[in-house]
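Contents: one structure, followed by commentary.
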2 protein chains.
Amino acid sequence: MQKRVKNVLFIMCDQLRADHLSCFGHPTLKTPNIDGLAARGMIFDRAYVQSPVCGPSRMSYYTGRYVHSHGASWNFVPLKAGEMTIGDHLRPLGVRSVLVGKTHMRADLAGMSRLGIDPASQVGMRIAECGFDSYERDDGIHPYSGHDPDPAYNAYLREQGFDGDNPWETWANSTVEDDGTIRSGWFLKYSNRPARVPDEHSETPYITRRAMDFIRDAGDQPWCLHLSYIKPHWPYIVPEPYASMYGPEDALPVVRSDAERQDPHPVYAAMMDHRVSRTFSRDGVRDAVMPGYMGLIKQIDDQLGVLFAFLEAQGLMDSTMIVFTSDHGDYLGDHWMGEKDLFHEPVIRAPLIIYDPDDRADATRGTRCDALVEAVDLAPTFIDVYGGEPVPHAVDGCSLRPLLFGLRPAAWREHVVCEYDFAFQDSRIALAAKPRDAWMRMISDGRWKYVLFERYRPMLFDLAADPNEFTDLGASPEPEHAAARTRLHEALFRWARQPRQRVTIADGTIESTEIQPRISEGGILIGYWDEADLAQARQSFKPRFASTNPLVKPTLDRLTHPQGVKHDD
Amino acid sequence: MQKRVKNVLFIMCDQLRADHLSCFGHPTLKTPNIDGLAARGMIFDRAYVQSPVCGPSRMSYYTGRYVHSHGASWNFVPLKAGEMTIGDHLRPLGVRSVLVGKTHMRADLAGMSRLGIDPASQVGMRIAECGFDSYERDDGIHPYSGHDPDPAYNAYLREQGFDGDNPWETWANSTVEDDGTIRSGWFLKYSNRPARVPDEHSETPYITRRAMDFIRDAGDQPWCLHLSYIKPHWPYIVPEPYASMYGPEDALPVVRSDAERQDPHPVYAAMMDHRVSRTFSRDGVRDAVMPGYMGLIKQIDDQLGVLFAFLEAQGLMDSTMIVFTSDHGDYLGDHWMGEKDLFHEPVIRAPLIIYDPDDRADATRGTRCDALVEAVDLAPTFIDVYGGEPVPHAVDGCSLRPLLFGLRPAAWREHVVCEYDFAFQDSRIALAAKPRDAWMRMISDGRWKYVLFERYRPMLFDLAADPNEFTDLGASPEPEHAAARTRLHEALFRWARQPRQRVTIADGTIESTEIQPRISEGGILIGYWDEADLAQARQSFKPRFASTNPLVKPTLDRLTHPQGVKHDD
């Protein structure tokens, strides 16, 4: 039976490292539901996000464009009104794009005001939600994120009896000691203790139910549902039974080397000096955090089991493409870092899995793909799924469907790129850098990873010889290293100068039209010496314009009259 | 007496070469009114446009952004809705930005539709007119440009008795032979004959009067008037007395060398094969065209005399900054080329003159400036004039006022850049290039001019040794030439990777805020081990958020309580 995709379920976790899924090799953290999705779909082993922090990475997912293209380079930078998103691309194809969960979008209110767009209008609300229709937005870190002072999840918690100004924090993200003392999950020290709410009322199950609510109510119109979990993002705290599932001994060993702290690159040094990096480098911190982080992932896997069973029960599994990914990873103490401010693999590698029910994908089920893929590839994949024409003038990525169908394209990309605008970080201040110089860009061919800074020497890693990325070859005099730097430097230049802002005219429009003859056919006559010159050229005209502009044909007839036109007055 | 600018008169010609003004050295074409403006202001000897064709060059003038930034890379490519223009920048400063004449803008109707903007609304009309309020738009080449099927100038001509469907063409841009035969000015052969309308009813005086109409009616609100002449752009035909003022012997000698046709760069070869290039390379064509082209310029100069006298009479000369420039030049047969599809000096050098009535500019009146300046500098200059803060996150250019005030900034730009998307040209088809590869970019440090293509070797010229640009050193093995190519290649990469799309957050906003402490002050607590850790850090907090979010201070108070909080239920 021919199977075709009708809906897309686009699942994103926040701050989930690829190596924390059992299908990506984690030895103790078992994620059978995600592994099961992978068994029916394809694992992308070399998928990369476009930026190591939430906002810019997500805007790249939602627009299919590099950060260099869309410009929303950090968490507080609004995606500018007018940037096209998945929703904008899919709407003309009859698809409803819907959000349940987090986007980290900050609305471009100034841009809307300039364009006369009411933020309360449908267009305004879409602009504010990255082009999605918001079924329920939940960005976590309530209410401090500034998005919603009293989100629905807080109201839900109060309905369950979890009172207070901010039950998200004081219940769902706090723990209580045996003596009754409440401790906030903001503090890493308490990450290995259970949250104050039972599992069913914590944020991941709540959001999963909201997604099922949407799917149940969605009706017959095709949808693209962005189910976007805030977890396992901090606060790293999870209810029982997950809080007690893992101990420090279950964690992957920390990946760091004393050599990394000897004469480090100045930007890396400044990043290692961030408070969060210093904290994660202290003894005992990882031991407290890892059980919470792992428990949150296990909880997500269990909830995805619930969700996938629901989809089966609804009869949607054969018509719903399921994408599972994350917006970036988490250092968790690796490389003497916390959070996500550089380009090591634990941070920029995405745990990308795609299940495509289309029977043309049968040949690749359960396989792994080592092609270099990027977050920007999802938007064009969805456009492809719904039958839209490719829009390379408007998105930087490429549809992954040829890979899903086992057709390795002849000319697949040779590099991935990740960018970070660290203007907003303490390291920029510590380095006394100007905001415009506080950019770094990573390009990798899969073996070599090159990082270009504006005012500092580059970094270089050889992922084959040094998979842990302990040895920065950015200043190495070895000819092989110098050659790799030169090669990737030039590749990054090719990338940087790609045209990406000519979004109002499609490449196909240009290719399908011989513009210059058409200009002449339309009566704009450039470079003709006389009537005979034009008459001769006109032999080859395809006068398409004549039908739409009644002046053109008579004008061309007159102007190709060899004797000219007599004075008429 | 202290003099300050109240209004800006931003005059643009179309296709006017810098070397066709007497203040730029033309020996026979005398432009005393423009020269007089230069005597009161400053001549910029090394001013460059951002693209050699109308549309992209103008969009750079109007946005202050490179073509790489704004994306409207050719004449039919709409500037995308949302791109900020001079009008958008000046409106909050209380300035009315008004158009009289040409812009070559194509409205982004698809973008407006997506954003729910009615093209007939004020915002919609501004988007369609590059951010200007249109007093009268006149793009020439009526009615074929597609902008307005029956423009006001045609109605005006009919009122004067010049009848017909399109009097712009059949009267203002046609000539009549002695036997009564009408000949179209589209044909280069007739460029040295007088137009059928008398001087006063031709397009340049008409548009000048429309500008004076606006100024007369403008009232007290400060204005920025873009007076944008279609001439001396083709059709190269002018009424008497200008049609008879110049003969072929008055023209500058053609600048071309047989060496240029021996083994030329493949893209240059394809450009030389354009019909207009072949036509201008034929004997006799320049002899016919140059009298018309020069007459059109002389007519503009005379009209500027009328306009400047009017400003004097209105008492506006001491409060009106006057900018005179062009959107690009014209090969006119130089380098075996017609039109404007490459980067030789006759095409990309702008005849830029600025008269600034401010008394701080007194020191530079009548002087010439050899700093490298660009079309993108005008928008930030106007923002500066009206007291706006610099917006380097939104414009690529720099205010020219420091130069006008004689304060040579310490760190002025070291390179100019010009770009061309030749996807729309016959040469792209002849070369079988994909549209995305049909870009070329020029970078010059004033001496060396380097042109980078996507699929071909670069070009290089040494403007010091070879001011006529006859010798392409793009493949020269000379170490000096190789070094210049390497240096400018790298400079172009630095240029290409500059951040230009983060337009929603100003650099100053980032610089004025310690973002990370502010995040903690706002209750988002990243990387704290325990209460004591936060309490210590809190000593240095400047709790600005506490006043706007009533949850924050109590939350921080609670979280820094060393004994934690007791269970409250």
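Residue numbering restarts at 1 for every chain, and letters A, B, ... go by the order of the sequence lines. Hydrogens, waters and symmetry mates play no part in the numbers below; they use all other heavy atoms, side chains included.
- For the atom pair CD1 of Ile510(B) and CH2 of Trp74(A), the computed distance is 10.0 Å after rounding to the nearest 0.5 Å.
- Residue Tyr528(A) touches chain B through both its backbone and its side chain, counting heavy-atom pairs closer than 4.5 Å.
- No side-chain heavy atom of Gln498(A) sits under 4.5 Å from any side-chain heavy atom of His68(B).
- When only modelled atom types and interatomic distance are considered, His489(A) and Glu490(B) share a side-chain donor-acceptor pair under 3.5 Å.
- Within the 4.5 angstrom heavy-atom criterion, no atom of Arg91(A) approaches chain B.
- Counting heavy atoms from C-beta on, the side chains of Val289(A) and Trp529(B) never come closer than 4.5 Å.
- Heavy-atom distances place no part of Arg126(B) under 4.5 Å from chain A, backbone and side chain included.
- For a residue to count as touching a neighbouring chain, one of its non-hydrogen atoms must lie under 4.5 Å from one of that chain's; by this rule Glu177(A) does not touch chain B.
- Residue contact with chain B, scored on non-hydrogen atoms closer than 4.5 Å, involves the backbone and the side chain of Glu531(A) alike.
- At a 4.5 Å heavy-atom cutoff, Arg278(A) makes no contact with chain B through either its backbone or its side chain.
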Before you tell me yes or no, could you show the steps for Glu83(A) and Lys80(B) under salt bridge (charged side-chain N to carboxylate O under 4.0 Å, His left out), namely the whole-Å CA-CA distance, both residues' side-chain angles and the distance that decides it to 0.1 Å? CA-CA 10 Å; Glu83(A) 280 288 317; Lys80(B) 54 179 178 281; 5.7 Å; no
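- For Asp533(B), the part lying near chain A is the side chain, with the backbone staying farther off; criterion is any non-hydrogen pair under 4.5 Å.
- For a residue to count as touching a neighbouring chain, one of its non-hydrogen atoms must lie under 4.5 Å from one of that chain's; by this rule Asp530(A) touches chain B with backbone and side chain alike.
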